[in-house]
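Shown next, in structure tokens, is the structure this report addresses.
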Amino acid sequence: MNYIIAGIDFSTPSHQVARQLIGVTLLVDGIGGRIVETEAYDREDPASHSFSGPTPRNISMFGPPGRSYVYRSYGIHWCLNFVCRESGHGAGVLIRALEPTTGIDQMRQRRGMEDVRLLCSGPGRLCQALGVTREHNDMPLDAPPFELLPVPSALDVISGPRIGISKAIDVPWRFGLAGSRFLSQPFR
DNA sequence: CTTAGGATCGCCT
DNA sequence: GGCGATCCTAAGC
């Protein structure tokens, strides 16, 4: 099978995919921007939803790579992941922030705010801006409503510990575009 | 600038 | 019953 989308092989380990996703343009129904922040999660990872095996919520993480895993966070927000590794493994990449490029007025309406810098600077925020909900769970990333566009040229990617977790806090599986104003938090 | 609390779903013990 | 891959608002220093 071919799991290459936007020049990235999604059947490879999630930390590799997470790094390569920086700079890729993500659109949902034609609205979105450039990915500037990601986090990798793996089956052998206490911080991962897949760590304790399949459940009704995380089952799409155990499906084939190159598809979406959307979950409800804190009962309120939606968060978007891209599934990685071989089918059945249970790995993924959390999309944490975008630099808005396309459909900014629509995103402002959905978010109820003006400041472009805050439209997509967090996993819950970007899902609200792009209109991602449960309906977008377990869908292929190379077909509508999703669209991924390759990185035009090499970028300076930095890494560090993941955010908002209490387990495996030392693993440097958060990746970001160096110097971006659109990160959910700065790298130290 | 930092900290605290509320919203409230899905899964855990 | 508790807590989390979150975000927003308000209050304190």
Side-chain angles (χ1 to χ4, degrees), chain A residues 10 13-22 24 26 28 32-33 35-63 65 67-85 89-100 107-139 141 158-177 180-188:
Chain A
F10 281 79
S14 51
H15 59 91
Q16 292 182 25
V17 174
R19 178 177 284 275
Q20 294 176 87
L21 277 169
I22 300 300
V24 167
L26 164 65
V28 178
I35 297 172
V36 297
E37 185 181 338
T38 59
E39 279 179 1
Y41 290 88
D42 194 75
R43 178 66 200 268
E44 316 296 324
D45 175 3
S48 175
H49 288 172
S50 59
F51 182 67
S52 300
T55 66
R57 174 173 70 156
N58 68 16
I59 189 64
S60 53
M61 265 190 109
F62 291 88
R67 295 175 68 91
S68 60
Y69 162 47
V70 176
Y71 72 93
R72 190 85 120 145
S73 178
Y74 290 86
I76 302 175
H77 304 103
W78 299 102
C79 292
L80 171 65
N81 293 252
F82 296 166
V83 177
C84 300
R85 290 272 201 154
H89 182 93
V93 175
L94 173 68
I95 310 302
R96 284 196 58 91
L98 305 183
E99 174 181 341
M107 289 192 269
R108 280 193 173 119
Q109 274 200 339
R110 287 170 172 165
R111 293 272 297 125
M113 63 165 57
E114 291 292 309
D115 191 349
V116 178
R117 194 160 161 169
L118 295 177
L119 286 182
C120 300
S121 61
R125 290 167 173 172
L126 76 88
C127 282
Q128 187 181 21
L130 271 58
V132 171
T133 67
R134 166 165 249 101
E135 313 286 305
H136 297 83
N137 183 43
D138 201 15
M139 296 184 75
L141 298 173
I158 51 182
S159 62
R162 294 172 291 184
I163 292 178
I165 56 172
S166 57
K167 298 167 184 168
I169 55 175
D170 52 320
V171 181
W173 276 2
R174 176 181 178 228
F175 301 91
L177 178 61
S180 173
R181 303 163 43 233
F182 299 92
L183 300 172
S184 67
Q185 284 186 42
F187 285 76
R188 339 199 63 171

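Note that the structure is predicted; figures quoted are calculated from it, not measured. Below, read A as the first sequence line, B as the second, and so on, with proteins coming before strands; counting in each chain starts at 1.
Contact detail for A:Ile169 and A:Ile165: the closest heavy-atom pair is CG2-O, 3.5 Å. Between A:Val83 and A:Ser60, the shortest heavy-atom distance links the atoms CG2-O, 3.4 Å. When all heavy atoms are compared, the tightest approach of A:Cys120 to A:Ala129 is SG-CB, 3.8 Å. Shortest non-hydrogen contact noted between A:Ala18 and A:Thr38 is O-OG1, 2.9 Å. Scanning all heavy atoms of the two residues, the minimum distance from A:Val93 to A:Ser14 falls at CG2-O, 3.4 Å. Counting all heavy atoms, side chain and backbone alike, A:Gly33 lies closest to A:Leu98 at N-CD1, 3.9 Å.
Nucleic acid contact for A:Gly75: base, since at least one base atom lies under 4.0 Å from a heavy atom of the residue. Nucleic acid contact class of A:Arg174 (heavy atoms, under 4.0 Å, all strands): none.
Within the 4.5 Å cutoff, the side chain of A:Phe82 has heavy atoms near those of the A:Leu141 side chain. At least one side-chain heavy atom of A:Val132 sits under 4.5 Å from a side-chain heavy atom of A:Val28. Two residues are said to be in side-chain contact when any heavy atoms from C-beta on lie closer than 4.5 Å; A:Val70 and A:Arg134 fail this criterion.
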Please report, to 0.1 Å, the donor-acceptor pairs under 3.5 Å made by any side chain of residues 181-188 of chain A, with sequence neighbours excluded.
from, atom 1, to, atom 2, distance (Å)
A:Ser184, OG, A:Glu37, OE1, 3.1
A:Ser184, OG, A:Glu37, OE2, 2.8
A:Ser184, OG, A:Arg96, NH2, 3.2

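Across C:dG4, C:dC8, C:dA5, the shortest atom-to-atom separation from the side chain of A:Arg125 is found for C:dC8. When the nucleotides C:dC8, C:dA5, C:dC7 are ranked by their closest atom to the side chain of A:Met113, C:dC8 comes out on top.
DNA chain B lies under 4.0 Å from no heavy atom of any residue of residues 180-188 of chain A. A heavy-atom distance below 4.0 Å to DNA chain B is reached by these residues of residues 53-60 of chain A, ordered by number: A:Thr55, A:Pro56, A:Arg57. Looking at residues 159-170 of chain A, you'll see that no heavy atom sits under 4.0 Å from any atom of DNA chain B.
Nucleotides B:dT2 and C:dA5, compared at atom C1', are 23 Å apart to the nearest Å. The gap from the C1' atom of B:dG10 to that of C:dC8 amounts to 22 Å, rounded to the nearest Å.
Taking 4.0 angstrom as the limit, A:Arg111 places a side-chain polar atom (N or O) nearer than this to OP1 or OP2 of C:dC8.
Under the ring-ring contact (aromatic ring centres under 6.0 Å, His included) criterion, A:Tyr71 pairs with A:His49, A:Tyr69, not counting sequence neighbours. Every ring-ring contact (aromatic ring centres under 6.0 Å, His included) that A:His15 has, sequence neighbours left out, goes to A:Trp173. Residues passing the salt bridge (charged side-chain N to carboxylate O under 4.0 Å, His left out) test with A:Arg110: none are found, sequence neighbours excluded. Residues satisfying the side chain to side chain contact (heavy atoms under 4.5 Å, CB included) test with A:Leu118, not counting sequence neighbours, are A:Met113, A:Asp115, A:Ser121, A:Arg125. Every residue was checked against the salt bridge (charged side-chain N to carboxylate O under 4.0 Å, His left out) condition with A:Glu135, not counting sequence neighbours, and none meets it.
A distance cut-off of 5.5 Å between ring centres, combined with a plane angle under 30°, places A:Tyr41 in a stacking arrangement with the base of C:dA5.
At distances below 3.5 Å, at least one donor-acceptor pair connects side-chain atoms of A:Arg43 with backbone N or O atoms of A:Ser50. A side-chain donor-acceptor contact under 3.5 Å links A:Arg108 to the backbone of A:Glu114. In this structure, the side chain of A:Ser68 engages the main chain of A:Asp138 through a donor-acceptor pair within 3.5 Å. Of the possible polar contacts, one joining the A:Arg162 side chain to the A:Ala40 backbone as a donor-acceptor pair under 3.5 Å is found.
Nucleotide C:dC8 holds its P atom 12 Å from the CG atom of A:Leu126, rounded to whole Å. Between the CD atom of A:Glu37 and the P atom of C:dT6 there is a distance of 10 Å, rounded to whole Å. Remark: C1' of C:dC8 and CG of A:Asp115 are 14 Å apart, rounded to the nearest angstrom. Following rounding to the nearest Å, A:Tyr69 (OH) and C:dA5 (C1') show an atom-to-atom distance of 9 Å. One can place CZ of A:Phe51 at 13 Å from P of C:dA5, the figure rounded to the nearest angstrom. Counting to the nearest Å, the P atom of C:dC3 and the OH atom of A:Tyr71 are 18 Å from each other.
The nucleotide range of DNA chain B contacted by chain A, defined by atoms under 4.0 angstrom from heavy atoms of the protein and reported 5' to 3', is B:dA7 to B:dC12.
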Open item on the list: Let's test your reading of the pairing rules: Watson-Crick or G-U wobble, both distances under 3.5 Å, then write DNA chain C as a dot-bracket string with ( ), [ ], | and dots.
Closed with: ||||.|||||||.
Detail all sub-3.5 Å separations between protein N/O atoms and N/O atoms belonging to nucleotides 9-11 of chain C.
none

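Annotation: of the two residues near DNA chain B, A:Arg134 and A:Ile76, the 5′-most nearest-nucleotide partner is A:Ile76.
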